[in-house]
K.L.:
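Below is the structure I would like to discuss, written out as structure tokens.
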Amino acid sequence: MDKIVIHGGARLNGELRVLGAKNAALPLQCAALLGDGPTTYRHVPRLSDVQTMSQLLVGLGCAVEGDRTLTIDPTGVQDGPKEAPYELVKTMRASVTVMGPLLGRHGFARVSLPGGCAIGARPIDQHLRGFEALGAKIRMSHGYVEVKAKRLKGARINFDMATVGGTQNVMMAAAMAKGTTVLENAAREPEVQELAIVLGKMGAKIAGAGSPTIEIEGVDALQGIDHAILPDRIEAGTFAIAAAITGGDLLLLDAPSSHMHAVIAKLEEAGVRCRVEPEGLRVIGPDELAPIDLVTRPHPGFPTDMQAQMMVLATLARGQSVITETIFENRFMHVPELCRLGADIHVNGNVAVIRGKARYTGSIVMATDLRASACLVLAGLVAEGKTEIRRVYHLDRGYETIEKRLRKVGAKIRRYHGAPS
Ligand code: EPZ
């Protein structure tokens with residue numbers, strides 16, 4: 001198992017290119033199942049989650065080629081098992097997003113029910129409620145859920161919460177239903193909008209993506225397309241905090257600033273200078289950070305996927321900050337590890353009270369989930385001495401060779417392969 005070792009204290013300076021978005025790539029890979037021919041995606045990030053999704057698609061009967069440029073040919077799915085097996089779903093919950101396109105295009109899908117994960121229970125009841133409203137029969141047995149329908153029929157679906165995966169899954173099913181579907185209280189994330197753009201290019205009729213109400217007029221067939229995936233706002237936000245806390249100056253090439261308003265607003269509140277430039281986003285760290293209070297919310301609110309990283313900034317600020325997590329019930333797993341490095345954080349339910357001006361000293365820490373591992377890398381960048389992060393396979397799910405890219409802008413960071421866990 002790999003580990004990452006950081007010697008803290010370097011100011012980060014220079015340019016970093018932001019790569020394609022993981023949370024767009026995964027549903028887009030699933031959308032290729034809807035096409036009657038091959039689909040090619042460009043700027044695909046080289047991440048273990050993307051590889052897992054490609055493996056799943058191959059298991060369904062797709063031909064998958066390439067990596068940065070990825071071509072998915074779904075022709076073989078017709079005669080395939082239309083099943084997402086437990087072994088893959090347990091490693092990556094996003095595997096459930098094959099259900100909508102399989103149901104929409106082939107009238108059947110069998111998917112292992114995803115168990116809980118480190119950050120929360122994460123049920124899929126809203127996905128299934130949406131499929132049922134479109135006329136699908138749902139059957140659960142032996143840890144699997146089967147959805148079946150001769151031809152889905154358009155319906156009005158009101159989600160109990162603005163679920164990203166639920167909106168994407170049901171949108172893909174409804175794209176080939178008979179008649180019109182209206183999704184209410186839909187998720188508005190840029191990755192939902194990106195999926196609607198791709199489905200539109202494939203021939204789907206979708207209006208309102210990015211707003212709480214999405215209207216989908218079903219069509220009989222969709223084509224394969226060629227599409228460049230949008231840059232990753234969460235990766236860009238993570239690097240922005242790296243510049244902010246090291247007193248650095250980074251130009252984040254291709255950073256999707258228009259998708260990052262809530263994060264940029266909080267950075268500016270903390271005294272960080274952020275400047276949108278033609279090539280991307282420039283971020284300049286101040287001599288002293290100011291405290292911030294934030295509440296995670298669905299887009300356009302402050303993203304939960306930036307909560308852990310922003311907590312590191314708060315621990316270094318002059319004064320007290322309060323962070324409230326409202327999306328996932330167990331997303332403070334990074335707190336004990338940050339305290340091991342020297343932070344002063346008190347958690348009460350979904351509220352973390354952070355006393356600032358932490359003086360981090362390096363130590364061995366354990367990554368528990370993707371964004372928690374990113375926050376440990378950030379803390380390691382400012383810690384005195386050596387920080388060793390174990391279980392970095394979590395990091396590789398969402399950041400491509402982060403250590404090489406941070407080293408390019410001055411960080412003293414290395415990966416060691418085959419270290420003890
Ligand atoms: C997506 O997860 C992202 N994953 C997550 O990013 C992100 O944290 C999350 O959206 C919220 O922004 C991908 O895009 C692959 P949800 P998803 O459905 O779709 C509850 C990362 O770090 N809920 O919007 O699973 C759920 O339990 C990952 O990159 C139900 O109760 O999130 C949660 O509390 C982590 N029933 C809330 O809604 C449902 O049927 C939001 O979940 C669906 C969701």
Side-chain angles (χ1 to χ4, degrees), residues 19-31 45 47-50 52-53 56 89 91-100 111 113-133 138 145 147 157-172 183 185-195 212 229-230 232-238 259 262-263 295-310 325-331 333-334 350 367-375 394-400:
L19 299 176
K22 168 185 80 88
N23 289 348
L26 300 177
L28 263 56
Q29 285 176 279
C30 299
L47 303 171
S48 55
D49 274 8
V50 170
T52 305
M53 189 63 89
L56 174 57
V89 176
T91 56
M92 183 184 67
R93 325 171 40 72
S95 312
V96 300
T97 324
V98 296
M99 246 194 289
V111 169
L113 276 167
C117 99
I119 64 177
R122 304 181 75 179
I124 57 167
D125 56 305
Q126 301 296 307
H127 305 227
L128 301 179
R129 209 160 62 73
F131 298 144
E132 210 158 29
I138 315 265
V145 55
V147 287
I157 296 158
N158 189 299
F159 290 115
D160 293 343
M161 79 288 291
T163 159
V164 174
T167 302
Q168 293 168 329
N169 228 342
V170 178
M171 186 155 73
M172 287 192 272
L183 303 181
N185 194 25
R188 304 167 61 188
E189 270 67 6
E191 297 78 22
V192 170
Q193 298 172 46
E194 174 82 344
L195 177 61
I229 292 180
L230 91 170
D232 195 323
R233 63 193 169 105
I234 305 298
E235 178 178 88
T238 304
H259 297 158
V263 171
V295 180
T296 63
R297 297 257 186 243
H299 191 83
F302 189 91
T304 172
D305 294 349
M306 283 298 301
Q307 178 256 99
Q309 300 94 309
M310 196 57 102
E325 172 59 53
T326 69
I327 307 293
F328 291 108
E329 63 273 24
N330 188 31
R331 204 165 202 183
M333 300 280 280
H334 43 282
N350 70 339
T368 48
D369 63 78
L370 167 57
R371 306 304 170 184
S373 47
C375 114
H394 289 291
L395 200 61
D396 297 334
R397 297 187 60 174
Y399 298 91
E400 182 180 324

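Each ligand, and each atom within it, is numbered from 1 in the order the structure gives. Each residue takes its place number in the sequence, starting with 1.
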K.L.:
Taking the side chain as everything from C-beta on, heavy atoms only, tell me whether R397 gets closer than 4.5 Å to M92.
P.N.:
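Contact flag for R397/M92 side chains = yes.
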
K.L.:
Would you mind listing which atoms of ligand 1 come within a distance below 4.0 Å of any non-hydrogen atom of G165?
P.N.:
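Counting atoms of ligand 1 from 1, those under 4.0 Å from G165 are 18 (O), 19 (O).
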
K.L.:
Got the closest protein heavy atom to atom 3 (C) of ligand 1, with its distance?
P.N.:
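The closest heavy atom on the protein side is N23 ND2, 3.8 Å.
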
K.L.:
Could you identify the single nearest non-hydrogen protein atom to atom 18 (O) of ligand 1 and state the distance to 0.1 Å?
P.N.:
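Checked against all protein heavy atoms, atom 18 (O) of ligand 1 sits closest to T163 OG1, 2.6 Å.
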
K.L.:
When you measure from the heavy atoms of H299 to every atom of ligand 1, does any distance fall below 4.0 Å?
P.N.:
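So H299 does not count as touching ligand 1.
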
K.L.:
Quick one: which of M161, H127, M92 has a heavy atom closest to atom 20 (C) of ligand 1?
P.N.:
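Comparing heavy atoms across M161, H127, M92, the nearest one to atom 20 (C) of ligand 1 lies in M161.
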
K.L.:
Does even one non-hydrogen atom of M53 get within less than 4.0 Å of ligand 1?
P.N.:
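It does not, in that no heavy atom of M53 comes within the 4.0 Å cut-off of ligand 1.
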
K.L.:
Could you tell me the residue and atom name of the protein heavy atom closest to atom 1 (C) of ligand 1, and the distance to it rounded to 0.1 Å?
P.N.:
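Nearest protein contact, heavy atoms only, for atom 1 (C) of ligand 1 is V164 CB, 4.0 Å.
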
K.L.:
What residue and atom, counting heavy atoms only, is the protein's closest point to atom 34 (O) of ligand 1, and at what distance?
P.N.:
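In this structure, atom 34 (O) of ligand 1 has I327 O, 2.6 Å as its nearest protein heavy atom.
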
K.L.:
With no hydrogens and no angle check, do the side chains of D369 and H394 hold a donor and an acceptor under 3.5 Å apart?
P.N.:
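Short answer, no.
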
K.L.:
Checking R129 side chain against N158 main chain: does a donor-acceptor pair fall under 3.5 Å?
P.N.:
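Yes: the side chain of R129 pairs with the backbone of N158.
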
K.L.:
Will you find, in the side chains of H259 and E194, an N or O donor that is under 3.5 Å from an N or O acceptor?
P.N.:
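No, no side-chain donor-acceptor pair sits under 3.5 Å.
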
K.L.:
Within a distance under 4.0 Å of any heavy atom of R331, pick out the atoms of ligand 1 and give their elements.
P.N.:
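Answer, ordered by atom number: 8 (O), 22 (O), 35 (C).
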
K.L.:
Could you tell me whether the side chain of T296 reaches within less than 4.5 Å of the side chain of P303, counting heavy atoms only?
P.N.:
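P303 does not reach T296 side chain to side chain.
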
K.L.:
Heavy-atom distances under 4.0 Å are what count here, so tell me which part of L128 touches ligand 1: side chain, backbone, both or neither.
P.N.:
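Answer for L128: neither.
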
K.L.:
Hey, does the side chain of D396 reach the backbone of S48 with a donor-acceptor pair shorter than 3.5 angstrom?
P.N.:
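Not confirmed, D396 side chain does not pair with S48 backbone.
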
K.L.:
Can you list the ligand 1 atoms lying under 4.0 Å from a non-hydrogen atom of F328?
P.N.:
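Once the distances to F328 are compared, the set is 8 (O), 9 (C), 33 (C), 34 (O).
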
K.L.:
Before giving the answer on side-chain contact (heavy atoms from CB on, under 4.5 Å), spell out for L26 and Q29 the whole-Å C-alpha distance, their side-chain angles and the decisive distance to 0.1 Å.
P.N.:
CA-CA 5 Å; L26 300 177; Q29 285 176 279; 3.5 Å; yes

K.L.:
Between the main-chain N or O of E325 and the side-chain N or O of E329, is there a donor-acceptor pair closer than 3.5 Å?
P.N.:
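Pair absent, no side-chain N/O of E329 close to backbone of E325.
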
K.L.:
Could you see which bit of D125 sits under 4.0 Å from ligand 1, with heavy atoms only: side chain, backbone, both or neither?
P.N.:
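Under 4.0 Å from ligand 1, D125 contributes backbone and side-chain atoms.
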
K.L.:
Quick check: does any side chain N or O of R93 sit under 3.5 Å from a backbone N or O of R122, one acting as donor and the other as acceptor?
P.N.:
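Flag set: sc R93 to bb R122 pair under 3.5 Å.
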
K.L.:
Would you tell me which option among E235, Q126, K22 has the nearest heavy-atom contact to atom 40 (O) of ligand 1?
P.N.:
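Comparing heavy atoms across E235, Q126, K22, the nearest one to atom 40 (O) of ligand 1 lies in Q126.
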
K.L.:
So is P123 touching ligand 1 or not, going by heavy atoms under 4.0 Å?
P.N.:
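It does, in that a heavy atom of P123 comes within the 4.0 Å cut-off of ligand 1.
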
K.L.:
Give a yes/no verdict on whether any heavy atom in R371 is under 4.0 Å from an atom of ligand 1.
P.N.:
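In this structure, R371 qualifies as a contact of ligand 1 - some heavy atom is under 4.0 Å.
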
K.L.:
Please tell me whether D160 and Q126 have a donor and an acceptor in their side chains that are separated by less than 3.5 angstrom.
P.N.:
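Yes, a side-chain donor-acceptor pair sits under 3.5 Å.
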
K.L.:
Look at K22 together with E235 and state whether they make a salt bridge at an N to O cut-off of under 4.0 Å.
P.N.:
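A salt bridge is absent here (no side-chain N lies under 4.0 Å from a carboxylate O).
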
K.L.:
So which bit of D305 gets within less than 4.0 Å of ligand 1, heavy atoms only: side chain, backbone, both or neither?
P.N.:
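For D305, only side-chain atoms sit under 4.0 Å from ligand 1.
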
K.L.:
Note the single closest protein heavy atom to atom 11 (C) of ligand 1, along with its residue, its atom name and the distance in Å.
P.N.:
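The protein heavy atom lying closest is T304 CG2, 4.0 Å.
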
K.L.:
Applying a 4.0 Å heavy-atom criterion (strictly less than), which segment of R122 is in contact with ligand 1: side chain, backbone, both, or neither?
P.N.:
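The answer is both.
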
